[in-house]
Number of protein chains: 2
Amino acid sequence: MVSPRKYHHGNLKEAFLEAAREVLEADGLTGLSLRKTAEKIGVSHTAPKNHFGSMSGLLTALVTQGYAELADYMVADETAGADRCARRGTALAGYVDFATANPALYELMFARDRLVNDDPDLMREVGACFSILADVAKDLGWHTGPAEVVTGKSQIALWSFVHGYAQLITAGRFKKDNMKNLSVLDILPAISAKIPPDTPE
Amino acid sequence: MVSPRKYHHGNLKEAFLEAAREVLEADGLTGLSLRKTAEKIGVSHTAPKNHFGSMSGLLTALVTQGYAELADYMVADETAGADRCARRGTALAGYVDFATANPALYELMFARDRLVNDDPDLMREVGACFSILADVAKDLGWHTGPAEVVTGKSQIALWSFVHGYAQLITAGRFKKDNMKNLSVLDILPAISAKIPPDTPE
DNA sequence: CGAATATATTTCCACTGTAAATATTCTGGT
DNA sequence: ACCAGAATATTTACAGTGGAAATATATTCG
């Protein structure tokens, strides 16, 4: 068990994940296949069945890994002890950085059809990402009401905003001449609504 | 040319689009196939090639239709002449309604890999949707700067927010107990940032 | 050393999109 | 009315896909 190489290939699971991720970003989501990935590391196309069960299992493992990395992008060492506003800036900028660095994986992370959405590992990593956003969303929002309700709304609102921005960027839905030298941190204040929930002006 | 039925099938193009859409929402994006759709309306599986070219062409046509319908959802007759705040409420609520009513199609509308993204019809319909959002975003934002810059940012910000909300809802990324009796209009004010653009605290 | 387990392969199958050749139907000109 | 050409749809064939089942091989443990 101390030997790095075990069984036939060694630790096929990690190797397969790594290879699948390369294929994913190189050939896109439609170009990813078990057979192509298997050939890349010299195993048969049914080898991953022992480790992932099926294609859905492989994609779920990839996505779980993706959420874990996304969490890393959102917390930078420099701003670990800083105030919430600085941490929010780090989290949002890191979020978008991850998405633009891994666009195909990022798209897969929100697929409705291809993942095992009740996978406990996946749910845990999703929850970890949401917790980070929940923290930096705490002093947003001017809406009246019980504190926990306002906080809950702000979490939802902030994740909605940053996810939408990241996906629209990576999907190419924004015209590039609108985006010159603008980061997500420049965009966020622009949605601050003056529209009142009840009081006008 | 006055006869409703032409050629072998009639207007196969529209029939195929309709059938494909049914398969899409019934069996999901992974369950949609040319063969299944063709069998549904009793034609060979290569028949759509004349009308759509390839699978990408079919999906692009579906998505183009989707953007057109999304625009309809965003403009309600009742609020056509109302003030911008009312129109914004209609647009945002309609946007989310469309996404929740057509979740599989909505996901496809932002796919990076499967569409002919430079298709002129598609670009036109995407632009129409963006224009509607641009209109109702005009009085958002408190950031200083030239008016058109602020407006441009608000358009991007508002689309980011509402798209993110719609996708996270349809992808099941929000826990349901957080979402009780909340609509997108309740969430929007919660992101209004008190964070300063340049001055701390 | 041997049994049990974990890991990987081989083989086979149903299904997919696409290309090419063929057949059928419609259209427009004379 | 007729015929040529275009538009439309079918047939056939092919390479690729994921998955199931049986088999082979390596590891682990008693």
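Values in this document were obtained by computation on a predicted structure and should not be read as measured data. A note on names: the letters A, B, ... follow the listed sequences, proteins ahead of strands, and every chain is numbered from 1.
- Comparing C:dT7, D:dT11, D:dG19 by their closest approach to the side chain of B:S44 singles out D:dT11.
- With B:H163 as the partner, the ring-ring contact (aromatic ring centres under 6.0 Å, His included) test is satisfied by one option alone out of B:Y95, B:F98, B:F110: B:F110.
- Rounded to whole Å, atom C1' of D:dA15 lies 14 Å from atom CD of A:E39.
- Looking at which nucleotide of DNA chain C each of A:P48 and A:R35 is closest to, the 5′-most match is held by A:P48.
- The distance between atom NZ of B:K13 and atom C1' of D:dT8, rounded to the nearest whole Å, is 13 Å.
- Atom pair B:H51:NE2 and C:dT18:P shows a separation of 15 Å (rounding to whole Å applied).
- Across all strands, A:H45 comes closer than 4.0 Å to base atoms (heavy-atom distances).
- For A:S33, whose side chain is taken as the heavy atoms from C-beta onward, the closest listed nucleotide among D:dG18, C:dA8, D:dT8 is D:dG18.
- The pair A:R88-A:D135 fails the salt-bridge criterion, with no side-chain N (NZ, NE, NH1 or NH2) lying under 4.0 Å from an Asp/Glu carboxylate O.
- In this structure, the nucleotide among C:dA19, D:dT10, D:dG19 sitting nearest to the side chain of B:V43 is D:dT10.
- Not a single donor-acceptor pair under 3.5 Å links the side chain of B:N11 to the backbone N or O of B:E14.
- Side chain of B:A47, nearest nucleotide from C:dA8, D:dG18, D:dA9: D:dA9.
- Projected onto DNA chain D by closest heavy-atom contact, A:T46 and A:G31 fall at different nucleotides, the more 5' of which corresponds to A:G31.
- For D:dA7, the base has no donor-acceptor partner in the side chain of B:N50 [N/O atoms by modelled type, under 3.5 angstrom].
- As rounded to whole Å, 14 Å separates atom P of C:dA19 from atom CE of B:M55.
- Counting to the nearest Å, the C1' atom of D:dT8 and the CZ atom of B:F16 are 14 Å from each other.
- Remark: P of D:dT27 and CG of A:L12 are 14 Å apart, rounded to the nearest angstrom.
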